[in-house]
Amino acid sequence: MKDQKETEQLLSWYDARRRILPWREEPTPYHVWLSEIMLQQTRVEAVREHYARFLRELPDIHALASADEDCYLKLWEGLGYYSRIRNMHKAAVEIEERCGGEMPKTAEELVRLPGIGEYTAAAIASIAFGQPVPSVDGNLLRVWARKTASADNIKAPATVKSARAYYAERISRTRPGDYNQALMDLGATVCLPKGQPDCDRCPWSRCCSAHLDGRELDFPVVPAKASRRVEKRTVFIIHDSSHVLLHRRGDKGLLAGLWEFPGTEGVLTKSSAVQFLQEHGLKPTEIRKLPPAKHVFSHVEWRMTGYDVFADGLSALPLPEDYAAASRTDLEEIYTVPSAFAAFLNSEAIRSLL
DNA sequence: AATACGGGGTT
DNA sequence: AACCCAGTATT
């Protein structure tokens with residue numbers, strides 16, 4: 001093992017400074033797996049509550065494999081990147097059917113499961129099964145870029161390979177999971193992405209090229225981001241006194257399969273909105289413009305115009321399969337409505353639902 | 001190699 | 001408003 005002294009310094013730092021996190025209490029393969037999937041592009045604080053609630057409802061692989069889509073999607077509500085949980089469910093079914101319910105133990109096998117890439121496979125293999133494979137995430141990448149003063153584009157796949165090879169030669173053979181988690185904690189609490197990294201508290205400051213050169217902020221080298229497109233939409237809160245109309249999105253693309261308030265592309269004036277609703281067989285008795293709402297995704301921004309539409313006898317109406325009349329309880333307990341519609345969920349029309 | 005895919009906290 | 005986060009799959 002290369003640079004054993006540095007590895008020991010890192011592990012000592014970890015023993016003293018590691019974060020206390022729920023998924024570190026009892027790192028079973030399922031616990032580690034679930035936490036790693038939830039943590040993909042998602043902050044620790046956002047995961048804590050979802051993690052606990054998810055585990056209460058679906059405590060093991062078998063429970064997840066047997067769960068309905070409604071159930072696991074609802075448990076994922078608010079976390080985003082919903083394909084993560086669809087893939088995890090698929091993988092759970094595969095593990096039940098092909099592996100006798102036992103999680104594969106090597107990174108090579110794990111990476112073949114849906115939703116598990118190089119990073120997650122290595123994280124599970126090292127943390128749950130003690131295999132010496134580096135789990136290179138954004139933290140390990142940033143620490144590596146500074147430690148080696150790498151001028152490579154941090155996002156490029158070839159750069160990730162370099163970092164992986166670097167850590168593979170140095171990872172602790174006795175405590176591989178702790179080695180990986182130590183670097184994650186170091187990146188999250190000391191070797192911060194923005195602002196001044198706290199090099200005084202870093203166990204690797206004396207072997208870090210960027211720090212020794214006083215150039216911490218020159219690394220990592222991050223490419224410019226693609227610009228975001230803007231989409232204008234009109235959203236209808238169609239309701240009577242007890243129910244509101246929901247539409248299930250298609251099974252591909254953004255927010256696939258989730259429930260939304262029905263709407264259409266573009267901005268409709270009140271009169272064209274009334275016409276639009278009538279063309280779709282609805283007879284609004286009252287219509288009222290709502291304050292505009294905006295929702296920003298990574299790659300697209302929605303600018304939404306909303307109308308509060310009172311439609312008598314909504315719950316008695318025959319509806320196509322991808323529509324539903326939801327009660328307040330349904331909204332809270334059954335249908336997964338993504339955060340993009342939070343402004344409308346908070347509208348008076350919804351709040352006054354019986 | 002680039003883009004799609006969520007949501008929210010930080011700066 | 002831009003940046004970032006315990007990334008993966010698809011194009």
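Worth saying up front: this structure is predicted, and the values here are computed from it rather than measured. Residue numbers start from 1 in every chain, and the chains themselves are labelled A, B, ... in the order their sequence lines are given, proteins ahead of strands.
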Base, sugar-phosphate, or nothing for A:L255, non-hydrogen atoms under 4.0 angstrom?
-> sugar-phosphate

Salt bridge (Lys or Arg N to Asp or Glu O under 4.0 Å) filter on A:R43, not counting sequence neighbours, yields none

Distance in angstrom units between A:L192 CG and B:dT10 C1', rounded = 11 Å

Which parts of residues 53-64 of chain A get close to DNA chain C, meaning a heavy atom less than 4.0 angstrom away?
-> none

Presence of A:H299 side-chain N/O under 4.0 Å of B:dC5 phosphate oxygens OP1/OP2 = yes

Hey, can you pull the donor-acceptor pairs under 3.5 Å for the side chains in residues 215-224 of chain A, sequence neighbours left out?
residue, atom, partner, partner atom, Å
A:R215, NE, A:D218, OD2, 2.9
A:E216, OE2, A:H211, ND1, 2.7

How does protein reach along nucleotides 3-11 of chain C, written 5' to 3' as B (base within reach of a heavy atom under 4.0 Å), S (only sugar-phosphate), or - (no contact)?
-> SBBBBSS--

Candidate list A:T28, A:V47, A:V32, test side-chain contact (heavy atoms from CB on, under 4.5 Å), partner A:W23, passing option = A:V47

For A:T148, which residues count as a side chain to side chain contact (heavy atoms under 4.5 Å, CB included) partner, sequence neighbours excluded?
-> A:W144, A:S150, A:Y166

Using whole Å, report how far CE of A:M38 lies from P of B:dC5.
-> 22 Å

Using salt bridge (Lys or Arg N to Asp or Glu O under 4.0 Å) as the criterion, list what pairs up with A:D3, not counting sequence neighbours.
-> A:R170

Between B:dG6 and A:H295, is there an OP1 or OP2 to side-chain N/O distance shorter than 4.0 Å?
-> no

